[in-house]
Amino acid sequence: RPANTDIISSGGNTGVKTTVSFDTQVFQSSGMSISSDEETVGEITVTNAGVYQISLNFASENSATNNRLLVGAELQIASGNDGAAFEAIPGTRLFNYNRGIQTSSGAAAWGTIFEGSSSVTILHSVAAGGKIRAQFWIDGRSTSASGAKTLLEGCRLSLHNIS
């Protein structure tokens with residue numbers, strides 16, 4: 001799970017990606033390590049090449065102004081080569097639609113829809129030294145006053161070497 005809540009502030013452009021900061025203390029594995037360096041926090045390095053079952057649960061909610069917000073997330077991988085660029089793993093893109101405040105009469109009785117969650121599980125070949133991370137971004141919003149943040153209780157990343 002993430003070490004802390006990750007926040008994309010209100011304002012700014014949509015589509016700017018932020019890495020989910022999975023915690024070095026919580027992530028437990030053999031044959032893997034996770035970076036605690038500030039620039040690469042949340043990047044998992046795989047020691048042993050193989051086919052991995054990779055699962056991502058991603059939960060988000062509105063930050064700042066509670067209004068319509070579409071948040072995207074995806075898993076990304078970089079080969080074991082030093083300096084290799086991260087690329088999206090096909091089939092892992094997720095979207096959460098955070099509705100915000102109910103504006104019709106009776107809103108207090110109906111509640112609000114701030115939180116959204118989605119998940120994906122795939123089998124993917126990972127090279128020795130390969131790096132995996134999850135990133136999220138604001139894909140669209142009804143006002144630039146809305147930001148997005150991760151929900152610690154709903155974000156999980158799991159990797160299992162199956163071959």
Side-chain angles (χ1 to χ4, degrees), residues 1-64 69-98 114-141 146-163:
R1 71 178 180 82
N4 300 299
T5 299
D6 296 305
I7 297 174
I8 298 174
S9 298
S10 58
N13 295 327
T14 59
V16 178
K17 296 181 179 178
T18 299
T19 301
V20 179
S21 59
F22 288 104
D23 189 3
T24 58
Q25 300 302 315
V26 176
F27 195 88
Q28 299 175 359
S29 68
S30 61
M32 294 177 223
S33 62
I34 188 163
S35 177
S36 59
D37 181 54
E38 190 172 315
E39 290 184 25
T40 58
V41 69
E43 292 180 9
I44 299 163
T45 302
V46 174
T47 306
N48 303 318
V51 174
Y52 284 77
Q53 177 182 337
I54 307 170
S55 297
L56 172 65
N57 296 326
F58 178 73
S60 62
E61 72 177 338
N62 295 66
S63 170
L69 184 70
L70 184 63
V71 179
E74 70 186 5
L75 288 169
Q76 298 176 341
I77 191 165
S79 69
N81 301 327
D82 288 336
F86 277 92
E87 298 177 349
I89 299 175
T92 66
R93 187 163 283 188
L94 309 168
F95 291 96
N96 294 342
Y97 178 59
N98 306 114
F114 295 133
E115 301 164 344
S117 66
S118 49
S119 65
V120 63
T121 299
I122 60 162
L123 297 177
H124 196 77
S125 181
V126 181
K131 296 181 186 307
I132 295 173
R133 69 182 181 189
Q135 288 201 311
F136 74 108
W137 63 94
I138 295 173
D139 201 67
R141 57 186 166 197
S146 294
K149 65 181 176 179
T150 57
L151 292 170
L152 297 181
E153 303 83 10
C155 290
R156 296 289 183 272
L157 179 61
S158 176
L159 286 81
H160 299 277
N161 188 340
I162 59 172
S163 72

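Not measured: the values here are computed from a predicted model. Side-chain atoms are counted along with the backbone in the values below, which use heavy atoms only and exclude waters and symmetry mates.
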Please check if the side chain of Ser163 supplies one atom and the backbone of Val51 the other of a donor-acceptor pair under 3.5 Å.
yes

Kindly determine whether Thr121 and Ser55 satisfy side chain to side chain donor-acceptor pair (under 3.5 Å), including the steps that lead there.
CA-CA 4 Å; Thr121 299; Ser55 297; 2.9 Å; yes

In Å and rounded to the nearest 0.5 Å, what is the CD1 to CZ distance from Ile8 to Arg141?
8.5 Å

Would you find a donor on one side and an acceptor on the other, under 3.5 Å apart, between the side chain of Asp6 and the backbone of Ser21?
yes

Is there a donor-acceptor contact under 3.5 Å from the side chain of Asn98 to the main chain of Ser60?
yes

Interatomic spacing from OG1 in Thr150 to CG in Asn96 - rounded to 0.5 Å:
11.0 Å

Between Arg156 (side chain only) and Leu152 (backbone N and O only), is there a donor and an acceptor less than 3.5 Å apart?
yes

Straight-line distance of Ile138 CD1 to Ser10 OG, nearest 0.5 Å:
8.5 Å

Step by step, would you call Lys131 with Thr45 a side chain to side chain donor-acceptor pair (under 3.5 Å)?
CA-CA 4 Å; Lys131 296 181 186 307; Thr45 302; 3.1 Å; yes

I'd like to know whether Gln76 forms a side chain to side chain donor-acceptor pair (under 3.5 Å) with Gln135, so could you lay out the CA-CA distance, the side-chain angles of the two residues, the decisive distance to 0.1 Å, and finally the verdict.
CA-CA 8 Å; Gln76 298 176 341; Gln135 288 201 311; 3.1 Å; yes

Take the angle between the ring planes of Phe136 and Phe58 and call it parallel below 30°, perpendicular above 60°, tilted in between.
tilted

Is it true that a side-chain atom of Thr92 and a backbone atom of Leu75 form a donor plus acceptor pair closer than 3.5 Å?
yes

